[in-house]
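Below: the structure, in C-alpha cells.
In the text below, chain A, chain B and the rest are named by the order of the sequence lines, each starting its count at 1. This one's a predicted model, so the numbers in the text were calculated from it and none came from an experiment.
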Number of protein chains: 2
Amino acid sequence: MKSDIDPLEQRSRSDQIAQTLEDQILTGRFAPGARLDEASLAEEHNVSRTPIREAFHRLAQSGLVVQQPRRGVFVRVSSPVEILEMFEVMAELEAACGRLAARRATDADIAELRQAEIECRAACDAGDIDLYYLKNGIFHHLLYAQSGNGYLEQEASRLHRRLKPYRRMQLFLRGRLQQSMDEHAAIVGAISAGDATQAAALLRDHVAVQGEKFHHVMSHLPKT
Amino acid sequence: MKSDIDPLEQRSRSDQIAQTLEDQILTGRFAPGARLDEASLAEEHNVSRTPIREAFHRLAQSGLVVQQPRRGVFVRVSSPVEILEMFEVMAELEAACGRLAARRATDADIAELRQAEIECRAACDAGDIDLYYLKNGIFHHLLYAQSGNGYLEQEASRLHRRLKPYRRMQLFLRGRLQQSMDEHAAIVGAISAGDATQAAALLRDHVAVQGEKFHHVMSHLPKT
DNA sequence: TTCATAGTTTTCGTATACAAGACGGTTGAC
DNA sequence: GTCAACCGTCTTGTATACGAAAACTATGAA
C-alpha cells in the first residue's frame, strides 16, 4: 500500500532544502517578488550551489517561484486574480472528492471523518485557531483520501498546500469559524447519506466561500 | 499581456532537453519502467550530466518519471488503476470548465467552439483519425480557455497532455468517433444555452466514457 | 546445491571550476 | 546637462571531478 511512498523516505539533501525553502516562502520569510540568491542560500545551508539549484527546480515546477533565464529565481507574485482562480479550482476538486466519497466511503471512513469534524469543533470552541487550522487540514485530507482516487487525493493535497497561506488569513474574519464548522457538519451528513450531488455542492460552496473571504481580506489590505 | 510568457521564450538547454525527453516518453521511445541513463543521454545530446539531471527534475515533477535515490530515474509505470484515476479527475476538471464556460463564454467564444466542433465532424466524416485527433484537442483546449480561469486552463491542459497516449488508443474503437461527435454537439448546445449544470454533466460523462473505453482496450491487450 | 558475504563496479549526489550573458556605473560626446 | 555606449562585476548555466552508496558477481562454506 505504501510502497509508492517508501522510496521517497530516503530523501536527498536537495529535497530537504526544497522543503525548507517551500516552508519559508509559504510562511513569508521570502516576500513575493523577492529574489532567491543561490550563493547565499548555499552558504546558509552549508552546501554548494548544486543542491540549491535542484531545490529551485522543484519549487519552480510547483509554481512557487519563477525562473528567469540568466536573471535568477524570484518568489512568484501571485496576483489576487490568480489566487481566486486557484480557490475556484480547489472548490471543484473538493467537490469532486465529495462526490466520489459519498459513493465510496466506508462506515469506518465516515466515522473517521466525523471524528475529525468533532475535533475541529472542539478546537473552535476552545478558541484555539492554530489547533483548528490543523484539525481542519486533517478533515480535508481525510476527504481527499476517501475519494478513493489516489491521483485526485494527490492533486487536491498539492493545491491545498499551495493555498495554505491565503486560507489561513481568512480564518481571522469574524464569524467565519462557526460558519465553516456548520458547513463541515452538513458535508459529513451528505457523505454519510450517500448523497453525491449534495456533498459536491456543499463542498464547492464551502471552498468558494474561502475565495470570497480572501477577496474581502484583500480589499481591506493596504494596497501595494 | 504576454509578459508572463516572454522570459520563457529564451529557454535553457536543459529545458529543451526536458521537452524532448517528455515527447520521447509520451510517444513511446522509452517504455514504461525503462531506466533513463544520465551518462548515455548526456552523450546523445552532447551535453554534460548536469543539464540531463535538471531535465530529469522537471520530468519527475510532472510525474512522467520517478526518481529513486541512488537507483536512477525510471519512466513511470502507470498502472491501469492510476490511469483510470486520472481519467476520473480529467472528467471532473472538464466538467468544471464546462460549468464555468456556460456562464462566462461570450458569443464569440461559442462561435469559435462551434467552429471547432464542425472541424471535428469534418475530420470524422473524412475518416481522418489523425486530423480528428488534432481538432478534438483544439476543441477541448478552447473549452479550457473559455472557463475564464487561467489556472484551471493550465491544469486541465497539463492532465490532457498526460493522458494523450491513452486517449489516442481508444479512438480506434468501433463507433466511438461518432458517439464522441454527438457528445460534442450536446456540449456546445448546453454551453450556448448557458446551462452550467448540464454542460458539466455532459462533459463529465464525455470524459468518463474515455476512461471506460480505455478499460476496454486494456482488457483486450495481452497481459504483461 | 544453495546461501551468505565480501569485493568490485557502476552511477548517483555534491563540490568545484569555468564560460557566457545581464545589470550597473562611469565616461565621453553632442 | 543629458543620453548613449562601453567596460567591469556579478550571477547564472554548464562542465568536470570526486566521494559514497547500492547493486552485481564471485567465491567459499554449509
Rounded interatomic separation in angstrom, taking NE2 from A:His45 and P from C:dA15: 12 Å
Per-nt protein contacts along nucleotides 6-14 of chain D (heavy atom under 4.0 Å; B base, S backbone sugar-phosphate only, - none) come out as -----SBBB
Under the rule for salt bridge (Lys or Arg N to Asp or Glu O under 4.0 Å), what residues qualify as partners of A:Glu212, not counting sequence neighbours? none
Without decimals, in angstroms, what is the distance between A:Ile17 CD1 and C:dA15 C1'? 13 Å
Could you tell me whether B:Glu153 and B:Arg104 have a side-chain N and a carboxylate O separated by less than 4.0 Å? no
In terms of side-chain geometry, is the basic nitrogen of B:Glu44 or B:Arg29 positioned less than 4.0 Å from the acidic oxygen of its partner? yes
I want to check something: taking the side chain as every heavy atom from C-beta on, are A:Asp37 and A:Leu41 in contact at a cut-off of under 4.5 Å? no
Partners meeting salt bridge (Lys or Arg N to Asp or Glu O under 4.0 Å) with B:Arg71 (sequence neighbours left out): none
